[in-house]
Undergrad: 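Questions regarding the structure given below will be posed in turn.
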Amino acid sequence: MFSLLEPALFTRLRDARRILVAGAGGGFDVYAGLPIALALREAGKEVHLANLSFADLYGLDLDVWVDHDVAAVRPATAARGDYFPERTLARWLESQGLPSTVYALCRTGVAPLRAAYRALIGHLGGVDAIVLVDGGTDILMRGDESGLGTPEEDMASLAAVGGLTGVPQRLVACLGFGVDAYHGVNHSLVLENLAALERDGAYLGAFSLPRDSREGRLYLDAVAHAQEATPEHPSIVHGSVAAAVRGDFGDVRFTERTRNSELFVNPLMAMYFCVDAVGLAARNLYLDRLERTQLTRQISSIVEEFRDELPRRRPPRTFPH
């Protein structure tokens, strides 16, 4: 039973002792899980952070590898290039006196990614829950929408975690409602999908990230630190979310990367929308086709083939008010 006194996501995690919070879509997605992880640690949980990585992991030293396709990234981990969100987060965590290992999962197809999750879970001594976090909401797309955003990494993560039947709680939390419009996601259809998940009993509601909370303050600090560490490629998603958390509105400018786009920063971007991962996977129309994929490009091909077979796609809809 849920109560208004506690967000349903945390009710589902109440009995979990060891929790893995993992970025689903690559890049800086793990930062969307940072406030949740901080709140869970404050509640006495053992929390670990992981992320599907876009970094050049195969250049890492041998001693960082937990298993094939999963590396333990620490503040001093050496790597080629400056773009390494997992190490950037590890360095920020260390500066706050927090556990500073962030696990990086290689960008692969579903089969090796699920194996990497199993290896990581074994390394951690088992987990009671996995919370997949998405910067944006394209992980909520089922496949027949007018636009899917960038589905490859999100769907690999959803399929991999959805199939980990030995983990009692598998959840999804999305932060940054609206940011995927740049990639063609229609957010009226996002809301329609959430309504369908509610009918299935898989929607866990929404809650805001308050600026004046400990988690909100630390999130803003972590995002600012990441922007300073990667000035050539700052996260548009988390720059937008951070602006929303601060109370900014409209076409907010924080990086030259958005100079040709009009942003619509607003309070909805600072809200988490939460669902059951197994229920979300069950509503996806093509996820079963991804089971044997080994490479990300295979996922891209399968998604394209599925889309070509559709008799029609749900057209984009405008908000009526």
Undergrad: Could you give all pairs that pass the salt bridge (charged side-chain N to carboxylate O under 4.0 Å, His left out) test and reach residues 21-47, with sequence neighbours left out?
TA: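 Non-adjacent pairs meeting salt bridge (charged side-chain N to carboxylate O under 4.0 Å, His left out): Arg18-Glu46, Glu42-Arg214.
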Undergrad: Any salt bridge (charged side-chain N to carboxylate O under 4.0 Å, His left out) involving residues 273-282? Give me the pairs, sequence neighbours left out, ordered by first then second residue.
TA: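 Every pair satisfying salt bridge (charged side-chain N to carboxylate O under 4.0 Å, His left out) with a residue in residues 273-282: Arg12-Asp276.
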Undergrad: Show every salt bridge (charged side-chain N to carboxylate O under 4.0 Å, His left out) that has at least one partner inside residues 148-168, sequence neighbours left out.
TA: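 Output for this query lists Arg107-Glu153.
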Undergrad: Taking only residues two or more places apart in sequence, or in another chain, which ones meet Phe264 in a ring pair (Phe, Tyr, Trp, His ring centres under 6.0 Å)?
TA: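 For Phe264, the residues satisfying ring pair (Phe, Tyr, Trp, His ring centres under 6.0 Å) (neighbours in sequence not counted) are Phe249.
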Undergrad: Under a 3.5 Å threshold, yes or no: a donor from one side chain and an acceptor from the other, between Arg314 and Asn193?
TA: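 A pair is found: one side chain offers a donor N or O, the other an acceptor, under 3.5 Å apart.
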Undergrad: Check whether the side chains of Asp138 and Thr150 place a donor and an acceptor atom closer than 3.5 Å, and report yes or no.
TA: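 Yes, side-chain donor-acceptor contact under 3.5 Å.
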Undergrad: Is there any ring pair (Phe, Tyr, Trp, His ring centres under 6.0 Å) pair reaching into residues 123-180, and which pairs are they, with sequence neighbours excluded?
TA: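 Output for this query lists Tyr103-His123, Phe177-His187, Phe177-Phe273.
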Undergrad: Does a donor on one side chain and an acceptor on the other come within less than 3.5 Å for Gln169 and Asp15?
TA: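 Judged by distance alone, the side chains do not pair up.
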Undergrad: Can you list every ring pair (Phe, Tyr, Trp, His ring centres under 6.0 Å) pair that touches residues 284-316, not counting sequence neighbours?
TA: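 Ring pair (Phe, Tyr, Trp, His ring centres under 6.0 Å) check on residues 284-316 returns Tyr286-Phe306.
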Undergrad: Can you sort out the partners of Phe28 under ring pair (Phe, Tyr, Trp, His ring centres under 6.0 Å), two or more places apart, ordered by chain and number?
TA: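 Phe28 satisfies ring pair (Phe, Tyr, Trp, His ring centres under 6.0 Å) with Tyr31, Tyr83 once adjacent residues are dropped.
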Undergrad: For His68, which residues count as a ring pair (Phe, Tyr, Trp, His ring centres under 6.0 Å) partner, sequence neighbours excluded?
TA: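 His68 satisfies ring pair (Phe, Tyr, Trp, His ring centres under 6.0 Å) with no residue once adjacent residues are dropped.
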Undergrad: Under a 4.5 Å side-chain heavy-atom rule over Ile, Leu, Val, Met, Phe, Trp and Tyr, are Val21 and Leu113 clustered together?
TA: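 No: no chain of side-chain contacts under 4.5 Å links Val21 to Leu113.
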Undergrad: With sequence neighbours left out, write down each residue that passes side chain to side chain contact (heavy atoms under 4.5 Å, CB included) with Arg312, or none if nothing qualifies.
TA: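 Expected list: Pro315.
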Undergrad: Please list, chain by chain and in numerical order, all residues satisfying ring pair (Phe, Tyr, Trp, His ring centres under 6.0 Å) with Phe207, sequence neighbours excluded.
TA: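 Checked Phe207 against ring pair (Phe, Tyr, Trp, His ring centres under 6.0 Å); matches are Phe10, Tyr272.
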Undergrad: Which residue pairs satisfy the ring pair (Phe, Tyr, Trp, His ring centres under 6.0 Å) criterion with at least one member in residues 133-168, sequence neighbours excluded?
TA: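 Non-adjacent pairs meeting ring pair (Phe, Tyr, Trp, His ring centres under 6.0 Å): zero.
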Undergrad: Does any pair with a residue in residues 216-235 pass salt bridge (charged side-chain N to carboxylate O under 4.0 Å, His left out), and if so which ones, sequence neighbours excluded?
TA: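 Passing the test, one end in residues 216-235: no pairs.
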